[in-house]
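Worksheet for the structure shown next.
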Amino acid sequence: MKVLKFKSPGKVNLRLDVMNKRPDGYHELRMLNSAVSIYDDVELEIVERGITVECENDPTVPNGEENIVYKVCKEIMAYSNKNVGIKVKIKKNIPAGSGMGGGSSNAAAVLMGLNTLLKISLPREKLMKIGTRFGADIPFFLFGAPAIATGIGENLTKLKKLPKMPMVIVAPNVTVSTKSVYDKYVPKPNLPEYKEEIPMEYTSKKAVLKVLRNDLEDVTLKKYPIVSEIKDLLIKNGALGAQMTGSGPSVFGIFADKETADKAGKKLESKSQGQWRVFVTENI
């Protein structure tokens, strides 16, 4: 049976504005997204029948029908005329529920992979439309480039330029409910910041630092003060700026160079005492 293997990246929100609540219950967002070089391994195998999803190294990731990957498998296989099954194996490196979009990235990899493996040949735009039904970050991972995302995340515009930025990402060992964070957030759509356009081109790290903002950060750190503690530690260890990504709890710091990022990563690793995971990475 044929097997395909993929690297499935995480992401950070360099900007996350919550504009207002929509009639459908979702929030209108404006985000500046970039993938980062932290990867899960995803393996697809054609089998005789059925869909199975296994995560070999993270028991918190659901198997079977509760997994977002299972759902997108079932959806895209309906477009195939092949009477086969699919087995998905996922090896996690991106912590689940960390705000780095690991599950959505896995789902995007599976959509692209099955499109190829089963010779379905759907255009990327169609895959993105399918993905939107199962996760607001899936279209971004299918898009494959740093982007401004609006709507619930499905409307994407490619950035003209974004510099390479060494980063340290710290993922606390707590699970944050995205729904709970959004439910507690009160949108402030009349603030002047929301009326300003987000630049499409960044020629320096300094330019990126100017737009850093995450509306959800205050909600999450009220319940999880460790988010604020990690931000402070990143700044004290040389980060030019630090911010929570997504609904948290992960926090990223942007550094002037890889050497400073490496040193900070080692210091935070030694300070962790099992409270968090540390990644030295960069945007891609």
Side-chain angles (χ1 to χ4, degrees), residues 7-17 29-40 93-95 98-102 104-105 108-109 124 136-137 139-150 153 155-171 193-194 196-217 227 230-248 250-269 277-284:
K7 292 285 187 186
S8 168
K11 67 109 176 84
V12 293
N13 300 107
L14 297 166
R15 176 89 171 208
L16 197 164
D17 295 334
L29 305 175
R30 183 176 64 173
M31 301 178 287
L32 172 51
N33 294 346
S34 178
V36 291
S37 58
I38 305 169
Y39 300 95
D40 289 341
N93 191 34
I94 304 162
S98 64
M100 284 192 275
S104 292
S105 181
R124 184 178 66 173
D137 280 330
F140 167 71
F141 287 109
L142 289 163
F143 191 67
I148 301 288
T150 57
N155 302 317
L156 294 149
T157 307
K158 185 179 177 180
L159 293 185
K160 292 177 181 176
K161 188 171 186 179
L162 187 68
K164 283 291 181 193
M165 297 178 288
M167 296 182 186
V168 175
I169 299 180
V170 182
E193 298 96 303
Y194 295 134
E196 297 170 2
E197 292 292 325
I198 299 178
M200 299 302 301
E201 183 172 0
Y202 300 86
T203 55
S204 65
K205 297 181 189 74
K206 188 176 180 181
V208 176
L209 294 168
K210 283 181 181 177
V211 301
L212 289 184
R213 172 192 172 103
N214 185 340
D215 282 346
L216 300 176
E217 196 173 81
V227 171
I230 290 167
K231 280 185 72 177
D232 291 343
L233 281 170
L234 284 164
I235 296 294
K236 283 176 186 173
N237 283 281
L240 303 173
Q243 177 175 287
M244 187 181 82
T245 184
S247 56
S250 295
V251 179
F252 65 90
I254 296 172
F255 287 79
D257 52 65
K258 190 176 184 304
E259 184 183 4
T260 313
D262 283 336
K263 284 180 183 175
K266 285 173 185 172
K267 282 188 180 177
L268 269 80
E269 189 74 67
R277 289 176 65 188
V278 179
F279 304 87
V280 179
T281 183
E282 66 177 4
N283 56 305
I284 53 174

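Looking at every heavy atom in both residues, Asn33 comes nearest to Ala149 through ND2-CB, 3.9 Å. Of all heavy-atom pairs spanning Phe141 and Ala108, the tightest one is CB-CB, 3.5 Å. Summarising the geometry of Met167 relative to Phe252, their closest heavy-atom pair is SD-CD1, 4.5 Å, with the distance given to 0.1 Å. When all heavy atoms are compared, the tightest approach of Phe255 to Ala239 is CE2-N, 3.3 Å. The two residues Ser105 and Pro9 have their closest heavy-atom pair at OG-O, 2.6 Å. Between Asn283 and Pro163, the shortest heavy-atom contact is ND2-O, 2.9 Å.
The side-chain heavy atoms of Phe143 and Lys158, taken from C-beta on, include a pair separated by under 4.5 Å. Side-chain contact between Asn93 and Tyr39: absent, with no pair of heavy atoms (C-beta onward) separated by less than 4.5 Å. Residues Glu201 and Thr203 have side chains in contact (heavy-atom distance under 4.5 Å, counting atoms from C-beta outward). Annotation: side chain of Asp215 is not in contact with side chain of Leu29 (no heavy-atom distance under 4.5 Å). Two residues are said to be in side-chain contact when any heavy atoms from C-beta on lie closer than 4.5 Å; Val12 and Met165 fail this criterion. At a threshold of 4.5 Å between non-hydrogen side-chain atoms, the residues Ile284 and Lys164 count as touching.
Qualifying salt bridge (charged side-chain N to carboxylate O under 4.0 Å, His left out) partners for Arg277, counting only residues two or more places apart in sequence or in other chains: none. Contacts of Ser247 classified as side-chain hydrogen bond (donor to acceptor under 3.5 Å, both in side chains), with partners at least two apart in sequence or in another chain: Thr178. Annotation: side-chain contact (heavy atoms from CB on, under 4.5 Å) contacts of Leu159 (sequence neighbours excluded): Leu32, Pro146, Ile148, Leu162, Met200, Tyr202. Residues satisfying the salt bridge (charged side-chain N to carboxylate O under 4.0 Å, His left out) test with Lys7, not counting sequence neighbours, are Asp41. Judged as a side-chain hydrogen bond (donor to acceptor under 3.5 Å, both in side chains), and not counting sequence neighbours, the contacts of Thr245 are Asn13. Partners of Glu217 by side-chain hydrogen bond (donor to acceptor under 3.5 Å, both in side chains), not counting sequence neighbours, listed by chain and number: Lys231. Residues meeting the side-chain contact (heavy atoms from CB on, under 4.5 Å) test with Glu197, sequence neighbours left out: none. Every residue two or more places apart in sequence or in another chain that forms a side-chain contact (heavy atoms from CB on, under 4.5 Å) with Lys206 is listed here: Ser204. Partners of Lys263 according to the salt bridge (charged side-chain N to carboxylate O under 4.0 Å, His left out) rule, which considers only residues two or more places apart in sequence or in another chain, are Glu259. Not counting sequence neighbours, the partners of Thr260 by the side-chain hydrogen bond (donor to acceptor under 3.5 Å, both in side chains) test are Asp257. Applying the side-chain contact (heavy atoms from CB on, under 4.5 Å) test to Val280 and every residue at least two apart in sequence or in another chain returns Val168, Ala261, Asp262. With sequence neighbours excluded, no residue forms a salt bridge (charged side-chain N to carboxylate O under 4.0 Å, His left out) with Arg124.
From Ser104, atom OG reaches atom CZ of Phe140 across 11.0 Å, with rounding to the nearest 0.5 Å. Rounded to the nearest 0.5 Å, atoms NZ (Lys236) and NZ (Lys267) are 12.0 Å apart. Annotation: the span from Ile38 atom CD1 to Phe279 atom CZ amounts to 5.0 Å, rounded to 0.5 Å. Atom CG of Asn214 is separated from atom CG of Asp17 by 9.0 Å, given to the nearest 0.5 angstrom. Here CG of Leu14 is found 7.5 Å from CD of Gln243. Values are rounded to the nearest 0.5 Å.
The backbone N or O of Ser37 lies less than 3.5 Å from a partner atom in the side chain of Thr281, making a donor-acceptor pair. Not one N or O on the side chain of Asp137 forms a donor-acceptor pair closer than 3.5 Å with the backbone of Gly153. Of the possible donor and acceptor atoms, one in the side chain of Arg15 sits under 3.5 Å from a partner among the backbone N and O of Val211. A donor-acceptor pair is defined here as one N or O able to donate and one able to accept, closer than 3.5 Å; no such pair exists between the side chain of Lys11 and the backbone of Gly102.
Of the candidates Val251, Ile169, Leu240, Leu234 forms a side-chain contact (heavy atoms from CB on, under 4.5 Å) with just one, namely Val251.
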